[in-house]
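Report on the following structure.
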There are 4 protein chains.
Amino acid sequence: MARVPRQNRSKATVDAIIQAALMVLAKEGPNAATTRQIADLAGIGVGSLYEYFDNKEAIFEAAAKRFVDDTVAMIQPLAPRLVRMEIRDLIHELLYNFRDFLEKNDQLYLRCARHAFTIDMAVYQEPINRVLMDLFMQYLLYHPELTKLKNIPAAIYCYINGSVYTVVKHLSEENSIISFEELVTALADMLHSYTTTELVK
Amino acid sequence: MARVPRQNRSKATVDAIIQAALMVLAKEGPNAATTRQIADLAGIGVGSLYEYFDNKEAIFEAAAKRFVDDTVAMIQPLAPRLVRMEIRDLIHELLYNFRDFLEKNDQLYLRCARHAFTIDMAVYQEPINRVLMDLFMQYLLYHPELTKLKNIPAAIYCYINGSVYTVVKHLSEENSIISFEELVTALADMLHSYTTTELVK
Amino acid sequence: MARVPRQNRSKATVDAIIQAALMVLAKEGPNAATTRQIADLAGIGVGSLYEYFDNKEAIFEAAAKRFVDDTVAMIQPLAPRLVRMEIRDLIHELLYNFRDFLEKNDQLYLRCARHAFTIDMAVYQEPINRVLMDLFMQYLLYHPELTKLKNIPAAIYCYINGSVYTVVKHLSEENSIISFEELVTALADMLHSYTTTELVK
Amino acid sequence: MARVPRQNRSKATVDAIIQAALMVLAKEGPNAATTRQIADLAGIGVGSLYEYFDNKEAIFEAAAKRFVDDTVAMIQPLAPRLVRMEIRDLIHELLYNFRDFLEKNDQLYLRCARHAFTIDMAVYQEPINRVLMDLFMQYLLYHPELTKLKNIPAAIYCYINGSVYTVVKHLSEENSIISFEELVTALADMLHSYTTTELVK
DNA sequence: GATGAATGAGCTTTCATTCAT
DNA sequence: TATGAATGAAAGCTCATTCAT
């Protein structure tokens, strides 16, 4: 039976397991990843895995949660600055930060994200989408003229989902036909043109 | 060693295997799908799988190819009509056809597509992206004024990848915050506004 | 149910199967050899194998019999000449003929023989041992002074078994510490010295 | 991945596996022997086999090595006594010891040896041949007059290979035409006559 | 609490054999 | 008679999970 660890020692072990799970996930993908690999990388015995998690899936859930929390934690502090920017600059700033986040630690998170777009894992994407949605909502407060846009929720829904997927896919491509800068500019321009023309009749 | 089926009987068996593979893929996802399930669903013995395919992976490749080919075959005949339409109507027409395609046969293809966004499977998405890219390129021939748009390849790259993913994700959601019609309209408007404002300086 | 073939066509097919079995046996060994390989090499369908043989083992038995019969047929005609020779010349002549027999057809029979020393296959070696025993018995008729040797059956038993195995083993070795000529001379000398000293008290 | 057993418990398991493998090998031969049989006989689960060995072949290799090591260990301590004996007594002593070794444990090793003469397994016979060769070489030191024999390596090569095979074959025969005593005497006499007559010219 | 040896269900794959054509 | 597609038992092997230490 998995227990909630309260001591520091335990917390450190849980952390090591999650970190190891992320690394194994990044390297092998979710199918090939084994509990033995995770335990070895975490520097503990396989049995200990089950002291902290009910089963393998619970470990991956925790790893996914970690990924999502870190992503949210990366975005949230940017908000105060972003909401005051011109829309195209916002997108630039946001996506370059997103890229840096994905590529740090030898692309640890990028390689995890590659496997994350199975729609089954959409539950985990939810918080990321929400924080981005919040960002855009706050943006509206600072730019009230935009509230006249048609069907804002639908537009945001499309833009967020499409952009996140497109960025991850692009970064995962060995030889893309376009550069990251071109990608970002295109995404920025698309949102900019939308916000300047699609007003409610 | 897999052999090339020559007789009609054999061809039917290969078809049954691919169909069964798609159904198992749709129901279980690529990890949980087993050869036994495929054989059972195809109504044949496990051994027969290996008369036509070298291994399990080859079966899934064939299934993925079938999905992609069918998708392309669904889009291609629409092209002549679509390229003559106004851009928002094009998107509407295209995406409603796409939805019907994904939802037929008890959402067979939609449920397969849910698993297809693992970036590892991007190889299989390639032909779909290409046929859509071709569609937009042809569209330019019929609407020459659009050739003045900034960085067309980048815009198309973002739009196609983002839209396809967003549509599949939306259709997979049980209770979405927006309706399909709203989604389509938002995507259509976004492209429309981009084409009317983002001209080369 | 396997049938005894009486027509020429059938006999040719049986022959082709046996030949194919020997070749597959030589190349793959008895474990890795499959019915499909045999059928392919024989130029017939797998099903046809079972028109002439009850099962795979029966094919191998027939192949073993063929090998044995050919070996006996190789030795028998040599006998009239060999029995008149001096004992060392007999061994030389016999073993060089044996070597040629084993190495013809790209070592077909040598490679089969390598697998034949499993003592389980001793049944098949029997006729070979017998023809060699007959040879030595005939030899005694032409050299009556040898009948005074101690325990002739035991000596022949040891000499035949030991020599045949040693020759096949030696020919199978890539880099032997001794040459074939040295091997033959040693075996010849050993028998010669035995026949000149070990007389019944 | 096989791990090196460190604990006593593990070492006992490895031993049980090797012992079981020898028994299965003895009963079924190398082809028919399955991993399940070995595991059952060893009283462990199939999975445990793979805790200690990379694959089935590695188990058989270890079993073969055990057989060879034990054979060598049986012969080696005899050497000091044998090298001082008259040659015929040496052969008697050696072969009777060999027989006892092969027949102990319900003929465990004899039944393994029956399968070992596939020339492919000659690699494993090597150490046995070498220890016997060493024995004869030492014998020469104690009987310097024998160094005048013609081509000693060739003679030893033939004698060792031939004798070992002949003994194993004879012991495996249900109803042999000669007794073990006759066999041993014949082999002893053969070597004795060779050593007394075949001197370098 | 931590371990890792042990487990065995269940996977993919092979292949001798059958039988409708 | 000849075929080869179909079969399915059985093989080798993996790995999440357990539990005695």
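Convention: sequence-line order gives letters A, B, ...; per-chain numbering from 1.
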Spacing between B/F53 atom CZ and E/dT14 atom P, to the nearest angstrom: 15 Å
Show each protein N/O and nucleotides 10-13 of chain E N/O combination with a separation under 3.5 Å, one pair to a line.
unit_1, atom_1, unit_2, atom_2, d
E/dT12, OP1, B/K56, NZ, 2.7
E/dT12, OP2, B/T35, N, 2.9
E/dT12, OP2, B/T35, OG1, 2.8
E/dT13, OP2, B/Y50, OH, 2.7
E/dT13, OP2, B/K56, N, 2.8

Side-chain donor-acceptor distances from residues 37-44 of chain D under 3.5 Å, at least two apart:
unit_1, atom_1, unit_2, atom_2, d
D/Q37, OE1, D/T34, N, 3.0
D/Q37, OE1, D/T34, OG1, 3.4
D/Q37, NE2, D/E28, OE2, 3.0

Between CG of B/D40 and P of F/dG8 the distance, given in whole Å, is 10 Å
DNA chain F in dot-bracket, Watson-Crick or G-U pairs under 3.5 Å, [ ] crossing, | other strand? .||||||||||||||||||||
With a 3.5 Å distance limit and no angle check, can you tell me whether C/Q19 reaches the backbone of C/A63 through a side-chain donor-acceptor pair? no
For atom CD1 of C/I17 and atom P of F/dT3, their distance in whole Å: 10 Å
Should B/S48 be listed as having a side-chain N or O under 4.0 Å from OP1 or OP2 of F/dA5? no
Please list, chain by chain and in numerical order, all residues satisfying ring pair (Phe, Tyr, Trp, His ring centres under 6.0 Å) with D/Y124, sequence neighbours excluded. none
Taking CD from B/E51 and C1' from E/dT18, how many angstroms apart are they, rounded to a whole number? 13 Å
Keeping the roles fixed (side chain from B/N105, backbone from B/Q107), state whether a donor-acceptor pair exists under 3.5 Å. no
Check whether any side-chain nitrogen or oxygen of A/S10 sits under 4.0 Å from OP1 or OP2 of E/dG1, and answer yes or no. no
For C/E28 and E/dA16, what is the distance between atoms CD and C1' respectively, to the nearest whole Å? 16 Å
Applying side-chain hydrogen bond (donor to acceptor under 3.5 Å, both in side chains) to A/R111 and not counting sequence neighbours gives none
Would you say the side-chain atoms of D/D106 pair up with the backbone N or O of D/L108, donor to acceptor, closer than 3.5 Å? no
Residue pairs, two or more places apart or on separate chains, that pass salt bridge (Lys or Arg N to Asp or Glu O under 4.0 Å) and touch residues 12-21 of chain B: B/D15-B/R66
With a 4.5 Å limit on heavy-atom distance, are the side chains of D/K169 and D/R114 in contact? no
Quick check: does any side chain N or O of A/Q125 sit under 3.5 Å from a backbone N or O of A/F117, one acting as donor and the other as acceptor? no
Provide, to the nearest angstrom, the distance between the CD1 atom belonging to A/I44 and the C1' atom belonging to E/dG4. 12 Å
How long is the line joining CG of C/N31 and P of E/dA16, in whole Å? 11 Å
A/I38 has an atom CD1; how far is it from atom C1' of E/dG4, in whole Å? 16 Å
